[in-house]
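Here is the structure we will look at.
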Amino acid sequence: MFNLILFGPPGSGKGTQSQRIIEKYGLIHLSTGDLLRTEISLQTSLGIMARNFMDQGLLVPDEVVIAMIASRIDENPRALGFIFDGFPRTCAQAIALDDLLNRKHGEISLVLSLVVPEPELIRRLLHRGATSMRADDASENLVRARILEYHDKTAPVADHYARLGKFRTIRGDGSVEETFLLLCTEIDSLL
Ligand code: AP5
């Protein structure tokens, strides 16, 4: 199994690049943001609870997202591997993910972190907010709150994988195609 984490702040291109990576490498895409937005659109109790956090740019509680990821891993026993997009976002989530994969005799193969300057992150998210229905792209305050939450709670996850020798940074401020080629070079070096 090849299990990849696409890491980086809001707007760094994790979702955009995940789509291309699954097409090329046949991995299963697990995006906690997409899973949560589906729950919101279905107006489930989980979705209603999660929305309170997401609308403020805050992380949803660990136990909620860990349970969602655990069930999606269980639903795909024959997967060639997974690409985790937006998960793990806290150290507790990283430890839980290692444990979930170990139980399947798997592990994280590689963590690729997209590095994009903050003004470009804000530009991209506000641009999408002007043309899409994503509530959390609607204002600069909300976008900045998400970036703050990333620095506060998610950035420390990098150390967890760096200690395991699995963490690499990639320039994410080029074009979508340029970034994809950089990611493929790193992935191909391990396959
Ligand atoms: P989530 O959906 O994961 O959003 P995010 O990580 O905050 O940000 P994005 O998905 O917007 O950024 P991205 O890096 O995927 O970039 P994208 O490719 O979309 O999470 C939303 C919320 O859900 C969180 O705030 C939290 O509340 C909750 N949540 C999710 N996971 C959680 C977890 N594990 N724990 C707790 N809570 C969780 O690109 C962004 C824009 O930029 C697009 O318009 C795109 O077209 C454009 N773009 C991309 N690449 C380029 C490029 N190279 N050049 C120019 N534009 C580009």
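Since the structure is predicted, the reported quantities are computational estimates derived from the model, not experimental observations. In listed order, ligands and their atoms are each counted from 1.
Residues Gln19 and Ile22 share a closest heavy-atom pair of O-CG1, 3.2 Å.
A distance of 6.5 Å separates CG in Asp136 from CZ in Arg37, rounded to the nearest 0.5 Å. Distance CD1/Ile73 to CD1/Ile28: 11.0 Å, rounded to 0.5 Å. Residue Arg20 holds its CZ atom at 13.0 Å from CD1 of Ile83, rounded to the nearest 0.5 Å. Atom-to-atom distance recorded for Met49:CE and Ser45:OG is 8.0 Å, nearest 0.5 angstrom.
Here the options are Asp152, Asp62, Thr154, the test is side chain to side chain donor-acceptor pair (under 3.5 Å), and the partner is Thr90; only Asp62 passes.
Contact annotation: for Pro88 versus ligand 1, there are no heavy atoms closer than 4.0 Å. Under 4.0 Å from ligand 1, the heavy atoms of Arg37 that appear belong solely to its side chain. Residue Asp62 does not touch ligand 1, judged by heavy-atom distances below 4.0 Å. Heavy atoms from both the backbone and the side chain of Leu59 come within less than 4.0 Å of ligand 1. When heavy-atom distances to ligand 1 are checked against a 4.0 Å cut-off, Leu36 comes that close only through its side chain, counted from C-beta outward.
Counting atoms of ligand 1 from 1 in the listed order, those under 4.0 Å from a heavy atom of Gln93 are 33 (C), 34 (N), 35 (N), 36 (C). Residue contact check: Val176 has heavy atoms under 4.0 Å from atoms 50 (N), 51 (C), 52 (C), 53 (N) of ligand 1. Taking a cut-off of under 4.0 Å to the non-hydrogen atoms of Gly15, the atoms of ligand 1 that pass are 13 (P), 15 (O), 18 (O). When each atom of ligand 1 is checked for a heavy atom of Ser175 under 4.0 Å away, the hits are 53 (N). Each of the atoms 21 (C) of ligand 1 lies under 4.0 Å from some heavy atom of Asp136.
Put simply, the side chain of Lys14 never gets that close to the backbone of Gly86: no donor and acceptor are under 3.5 Å apart. A donor-acceptor pair is defined here as one N or O able to donate and one able to accept, closer than 3.5 Å; no such pair exists between the side chain of Arg51 and the backbone of Ile40.
Looking at His127, Gln19, Arg89, Lys14 and measuring to atom 7 (O) of ligand 1, the nearest heavy atom belongs to Arg89. Summarising the contacts of atom 53 (N) of ligand 1 with Gly174, Ser12, Gly13, the nearest heavy atom is found in Gly174. The nearest non-hydrogen atom to atom 27 (O) of ligand 1, considering only Thr32, Leu58, Val64, comes from Leu58. Across Glu178, Arg123, Arg124, heavy-atom proximity to atom 42 (O) of ligand 1 is greatest for Arg124.
The closest approach between any non-hydrogen atom of Ser132 and ligand 1 is not below 4.0 Å. Put simply, no part of Gly8 is less than 4.0 Å from ligand 1, judged by heavy atoms. Contact between Pro9 and ligand 1 is present, with at least one heavy atom of the residue lying under 4.0 Å from the ligand. Proximity of Leu125 to ligand 1 is established by a heavy-atom distance of less than 4.0 Å.
The cluster map of Ile, Leu, Val, Met, Phe, Trp and Tyr, joined by side-chain heavy atoms under 4.5 Å apart, puts Val115 and Leu125 in different clusters. If you chain together hydrophobic residues whose side chains sit under 4.5 Å apart, Leu30 and Leu59 never meet in one group.
Residues Lys104 and Asp74 meet the side-chain proximity criterion, which asks for heavy atoms closer than 4.5 Å. Side-chain contact between Lys24 and Asp188 is present, with heavy atoms from C-beta onward closer than 4.5 Å.
Of the protein's non-hydrogen atoms, the one nearest atom 17 (P) of ligand 1 is Thr16 OG1, 3.6 Å. In terms of protein heavy atoms, atom 23 (O) of ligand 1 is closest to Met54 CE, 3.3 Å. For atom 37 (N) of ligand 1, the closest non-hydrogen atom of the protein is Val60 N, 3.0 Å.
Between Phe7 and Tyr150, the ring planes lie tilted relative to each other; the angle falls in the 30° to 60° range.
Open room surrounds CZ on Arg171; 12 or fewer heavy atoms of other groups in view lie less than 6.0 Å from it.
An N or O contact shorter than 3.5 Å links Arg146 to ligand 1 by distance. Of the polar atoms of Gly11, at least one N or O is found under 3.5 Å from an N or O of ligand 1, judged by distance alone. Close N/O approach between Gly86 and ligand 1 is found [any backbone or side-chain N/O within under 3.5 Å]. Residue Arg128 has at least one nitrogen or oxygen atom sitting less than 3.5 Å from a nitrogen or oxygen atom of ligand 1, judged on distance alone. When only interatomic distances are considered, the shortest N/O to N/O separation between Arg134 and ligand 1 falls below 3.5 Å.
For the residue pair Asp137 / His127, no side-chain donor-acceptor distance below 3.5 Å is found, with atom types taken as modelled.
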